[in-house]
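Every chain is numbered from 1, with letters handed out A, B, ... down the list of sequences.
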Protein chains: 2
Amino acid sequence: MKIGELARLAGTNVETIRYYERDGLLPVPARSEGNYRIYGETHVQRLSFIRRCRSLDMTLDEIRILLHFKESPQENCADVNRLLDRHIGHVAQRMQELQELERQLKDLRERCGEARDAAHCGILDGLSQAIVPDGKTASHVQGTHRHAANFKVEKENQGKQV
Amino acid sequence: MKIGELARLAGTNVETIRYYERDGLLPVPARSEGNYRIYGETHVQRLSFIRRCRSLDMTLDEIRILLHFKESPQENCADVNRLLDRHIGHVAQRMQELQELERQLKDLRERCGEARDAAHCGILDGLSQAIVPDGKTASHVQGTHRHAANFKVEKENQGKQV
DNA sequence: TAGAAACCCTTGAGTGGCTACAGAGTCAAG
DNA sequence: CTTGACTCTGTAGCCACTCAAGGGTTTCTA
């Protein structure tokens, strides 16, 4: 099959597949006479595995490790367990951070119940004075905003709403 | 004061300040004879405001809007309220996503209670078969991993542990 | 059989919010 | 006069894609 069909089967888009190939996550496939990439069932399997891991928010490096174990069935899988445990830990940690964040944001929001002029806005006031906490929590868990692609959608909406 | 002191006062690092200047968040400061940037109290205020907002996980674009209102005290602050409400919504949404994620990861983890060989690892098995859910939740709320800088720490640890 | 439409190719650049580094200049203390 | 701490500009890199330009190939339809 060609790249488009693989993309459909695995719910990915075509550029992502080529990106994974460049990045070494997918093996270099055979080519047709017209220089098209030709894939088989094993590629579907592997790509689906990768996408499943991504949907669980693993990094490509984490996935690389898991793929390594899939290819070495005789090895002990203790490291797989450890990797997953660490990943779960990061998710939990990020959730705690977001809870704290939510609390602070709601506090802030209460300072300006309804609209007035910006000079007397409790929110702007609060942001000007609030105690800045420790700062660097050193987890690898991300912030509150998705990356580039999703940002665009967000920005378009902002144009209309704010 | 020079850039280093400003950085200390606002808990930022020097490159970030220059980055904010390039990006238009901080005004272009005066220069000394030796071409050093010279800052005053207003810069400390403004930079601290920005950092406070960042610690609440707002994007630079959101912060730009807030700064606009700080500079236009006569304007109505309803948009500030809306911005904050939306931001709170995104945080809440991401927390829900992370909860679902945690559930799935823990499910997965239970499939391989203790180490065996990778061929019979319940986790790898699970990742090979699990139903992939819908996919795109269209919030602007980010994933489970922090960006480059924090990744590095993470990677170093991985080298030692996995 | 022509030609349009759908697909595919490579290359390069862009996203956010920094961080890091090279190679140079400035300045204060010993 | 040197050492070291600081600063400057410019450029490249991080993640995980995404998009666009400018071309080639295949497949469908008139």
For B/Y19, the side chain to side chain donor-acceptor pair (under 3.5 Å) test, sequence neighbours excluded, returns none
Partner set under side chain to side chain contact (heavy atoms under 4.5 Å, CB included) for B/Q45, not counting sequence neighbours: B/E41
It should be established whether A/R31 places a side-chain nitrogen or oxygen under 4.0 Å from OP1 or OP2 of nucleotide C/dT10. yes
Report the distance from atom CG of A/L47 to atom P of D/dA16, rounded to the nearest whole Å. 15 Å
Look at the side-chain N and O atoms of B/T16 and state whether any lies under 4.0 Å from the OP1 or OP2 oxygen of C/dT19. yes
All pairs passing side-chain hydrogen bond (donor to acceptor under 3.5 Å, both in side chains) where residues 23-32 of chain A contributes a residue, at least two apart: A/D23-A/R64, A/R31-A/N35
How many Å lie between CG on A/L60 and P on D/dT18, as a whole number? 12 Å
Can you pull out every salt bridge (Lys or Arg N to Asp or Glu O under 4.0 Å) where at least one residue sits in residues 1-20 of chain B? Sequence neighbours excluded, please. none
Which atoms form the tightest heavy-atom contact between A/I63 and A/I50, and what is the distance? CD1-O, 3.8 Å
Among residues at least two apart in sequence or on other chains, which ones pass salt bridge (Lys or Arg N to Asp or Glu O under 4.0 Å) with A/R22? none
Does A/N13 have a side-chain nitrogen or oxygen under 4.0 Å from the phosphate oxygens OP1 or OP2 of D/dT18? yes
Just to verify, what does A/T12 make a side chain to side chain donor-acceptor pair (under 3.5 Å) with, not counting sequence neighbours? none
Rounded to the Å, how far apart are A/Y19 OH and D/dC14 C1'? 10 Å
Can you tell me the distance, in whole Å, between the CD1 atom of B/I50 and the C1' atom of C/dG16? 15 Å
Pull out every residue in residues 20-27 of chain A that has a heavy atom closer than 4.0 Å to any atom of DNA chain C, ordered by number, or say none. none
For A/E33, check salt bridge (Lys or Arg N to Asp or Glu O under 4.0 Å) against everything at least two apart and list the hits. none
Phosphate OP1/OP2 of D/dC17 contacted by A/R51 side-chain N/O (<4.0 Å): yes
Could you state the CD1-P distance from A/I63 to D/dC17, rounded to the nearest angstrom? 8 Å
Generate the contact string for nucleotides 20-26 of chain D. Rules: B means base contact, S means sugar-phosphate contact only, - means no protein heavy atom under 4.0 Å. ----BBS
